[in-house]
Each structure stands twice: as structure tokens, then as C-alpha cells.
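Single-structure report; data block below.
Order of listing sets the numbers, starting from 1, for every ligand and every atom in it.
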Amino acid sequence: MIKIENLFKKYKNITAVNGLNLEVRKQEIYGFLGPNGAGKTTTIRILSTLTLPTSGSARINGHDVLKNPVQAKKEIGVIHQTRNIDPELTGYENLLIHGLLFKMKIKDIKKKADELLDFVDLKGDMHRLASKYSGGMRRRLTIARALIHSPNLLIMDEPTAGLDAVARRRVWGLIKRIRDRGGTIFLTTHYIEEAEYLSDRVGILDKGGLIAEGAPSKLVNDMGKIAVDIEGSDGLEAEFFETRGEAAEFLSKLNKNAVIRRANLEDVFIRLTGRRVNPAANQNK
Ligand code: ATP
């Protein structure tokens, strides 16, 4: 569904995307992870035809975003971090306007809007002003809006940033259902547990290039699925082992406070990038 080959994006003295190669299969949820400034948003902007790459190619379902941007754009629904819904319109009107932008027939838009508002559980609120919606309702409306023209690929930049735990889980449910109905999802998130729960595969980006890729469970197993957290002078440090037995043996020789636990994708992320992700750094975007 997505094929990115040798992609570069350079701004004056910054290389935001640095020879990126990446493929996303049909009906896959692909989590695109990376520390602040790794190049995720730039890649998403190139895929959604908002930014021109310096060189290389990106294709969506076979359509080159540079040579055939109109076709490529029809393939995707995008949920950006910043572009929000119109609070002066009702949820229903927000969808109608968006359908018109895609030059859909009004009869088809109404039918699709009805179906999608039902899908995101906003049918009962469709004629209320979007300004009266909660954060979670707004986010679900942006998902419905991105699906109005029946795209094959949904690109989501931080789909749950700023939502509370309950609203976040509701969005997770929607994302899985979109995939189960045949959709493909490419998402970025700073919440690594979100990527671990949702993604069939993740790609970890650093300094504009992929440094790891695979199913979350495979990446964790490759590192060592058992972690030992040790209290160090800089806070907690972790060591990784294949089995609990090996971890226990290590622990028995250690003269420090330590805890054995299952390793997770965040451990892989920190190990590879050497940094902790900071969701708070992204809230004000
Ligand atoms: P975050 O997690 O903070 O959203 P990101 O992975 O999405 O980060 P990008 O926003 O793609 O990263 O930025 C990659 C690099 O390119 C950063 O160093 C950023 O400062 C730089 N950059 C992005 N857009 C521009 C621009 N329009 N002009 C100059 N530099 C830019």
C-alpha cells in the first residue's frame, strides 16, 4: 500500500528524511515511531502530498506522490495533528463539506456520512455543533471525516494525543475495526504502548532513517523478553535476558535493588534511540 524508496528531504542545513526505505502491506497497521525530530511528520507530509521530497520516491497503492498526486491523494485519508474540525458546524456538516472537497455527489456523501457517524458512534450527536463535542468525540469525528471518500489508506499523526485513557481506548477500537474492514493504517505515536498494542509491524525512525522494523513481539524477543530493572545513579537501567532463569541468575550475583519483569517495546525503543519518548513535548503542537 505504501512504498518509499531512498527518500530524502533536506531543509537548508537539516536533513529531516535521510534515505528512507519503507513498505507497508495492505490491511496492516504500521506504527511509525521515533524520538522528537526524527522525521515522522515530514514523511507523513510527503506521503500526503503536502511537502515535496528533495529526492527519492513514495508511492501509495502504486500512485507516485510526485508524478500522480491527484490519484495518490484519493487513496488516503489523513488525520493531522493540527488540522481540526470546524467547531461552528455540526458533526454531520463537517463530513458533508469534506465530501464536497473530494467532489463526491451529495447523495453519496449523505449515505457515507450516515454510515460513518454510526461507525464512530456519533449518530446521536450528529446534529450538534462540533464545538460542543468532547475531545474524544472530536477525534472520532476527524476519523469519520478522513474516511468519507472511502480511502484505502488511513494516515494518522498522533491519533490519541491529548485524550484521556477511556477516549484513547475507544480510538484504538476504531483503528482495529478499520483494519478488520479491509483498511490499511499508517500511524505515528509517542505512546509506545499504543504502538505495541495496535501495530502489526512497527518501524523505528532515527535521524531520518529506519533503525529497526518488525512485529513488536519479534523486536522484544530479539532484544530479550525478560528485563531486570536495576537502580543506578541515573535512575533505572535495564538488562535483558531470554529467560527468567538467566535473569534470576544475574540477579543473584547482583548486590543492588532490582526487579524482574517482562520487557516491552518501550525498552526496545529506549535501547535503540537512547532516549525516552516524551508525549508532553508534543501536546502543544
Ligand atoms: P516530533 O516527534 O517532534 O513531531 P518528527 O519526528 O515528526 O518530530 P519532523 O517534524 O519531521 O520530526 O522534523 C524533522 C527535522 O526536520 C527536525 O529537525 C525539524 O526541526 C526539521 N524540520 C521540519 N520541518 C521543517 C521546516 N519546514 N523547515 C526547516 N526544518 C524543518
Side-chain angles (χ1 to χ4, degrees), residues 2-24 29-60 65-66 69 72-73 76-84 135 139 142 146 153-163 168 171 175 185-199 201-214 216 219 264-285:
I2 300 178
K3 190 167 176 125
I4 295 177
E5 286 179 294
N6 213 17
L7 192 71
F8 284 85
K9 176 67 187 183
K10 294 183 183 170
Y11 297 105
K12 280 183 191 156
N13 47 1
I14 292 171
T15 303
V17 181
N18 192 13
L20 179 65
N21 289 290
L22 186 154
E23 281 186 40
V24 176
I29 300 178
Y30 189 99
F32 195 44
L33 307 177
N36 295 126
K40 304 179 297 293
T41 305
T42 306
T43 306
I44 282 191
R45 287 183 61 85
I46 293 171
L47 287 175
S48 42
T49 74
L50 294 173
T51 296
L52 290 176
T54 309
S55 63
S57 73
R59 273 179 282 158
I60 314 266
V65 295
L66 268 179
K73 229 175 160 163
I76 53 178
V78 188
I79 296 167
H80 288 287
Q81 276 183 48
T82 45
R83 247 193 257 165
N84 223 322
R139 201 62 53 90
T142 62
L153 171 68
L154 192 57
I155 295 180
M156 309 177 103
D157 198 3
E158 299 283 343
T160 66
L163 298 186
R168 166 170 302 153
V171 170
I175 292 173
I185 290 134
F186 184 76
L187 63 90
T188 72
T189 178
H190 282 88
Y191 303 110
I192 307 288
E193 81 282 4
E194 169 167 296
E196 184 162 18
Y197 171 72
L198 286 175
S199 309
R201 287 191 307 142
V202 296
I204 300 181
L205 189 76
D206 200 14
K207 302 184 180 81
L210 275 191
I211 53 170
E213 190 181 52
L219 295 180
N264 56 42
L265 191 63
E266 183 158 293
D267 294 312
V268 175
F269 185 94
I270 292 168
R271 194 151 222 232
L272 292 175
T273 65
R275 277 160 278 189
R276 222 166 232 290
V277 267
N278 179 8
N282 234 37
Q283 302 287 292
N284 301 325
K285 276 200 160 182

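In this structure, CG in Leu154 is found 4.5 Å from CD1 in Ile79, a value given to the nearest 0.5 Å. Between the CG atom in Leu187 and the CD atom in Glu194 there is a gap of 6.5 Å [rounded to 0.5 Å].
At least one heavy atom of Pro35 sits less than 4.0 Å from an atom of ligand 1. The shortest heavy-atom distance from His190 to ligand 1 is under 4.0 Å.
In this structure the side chain of Ile4 reaches within 4.5 angstrom of the side chain of Leu47, judged on heavy atoms. Using a 4.5 Å cut-off on side-chain heavy atoms (C-beta onward), Ile76 and Phe186 make no contact.
Residue contact check: Ala38 has heavy atoms under 4.0 Å from atoms 5 (P), 6 (O), 12 (O) of ligand 1.
Residue-to-ligand polar distances keep Gly34 apart from ligand 1: every N/O pair is separated by 3.5 Å or more. Polar contact with ligand 1: absent for Ala16 (N/O pair, distance under 3.5 Å).
Within the 4.0 Å heavy-atom criterion, the part of Ile14 lying near ligand 1 is the side chain and not the backbone.
Here salt bridge (charged side-chain N to carboxylate O under 4.0 Å, His left out) pairs that include residues 5-24, with residues two or more places apart or in two chains, are Lys3-Glu23, Glu5-Arg59.
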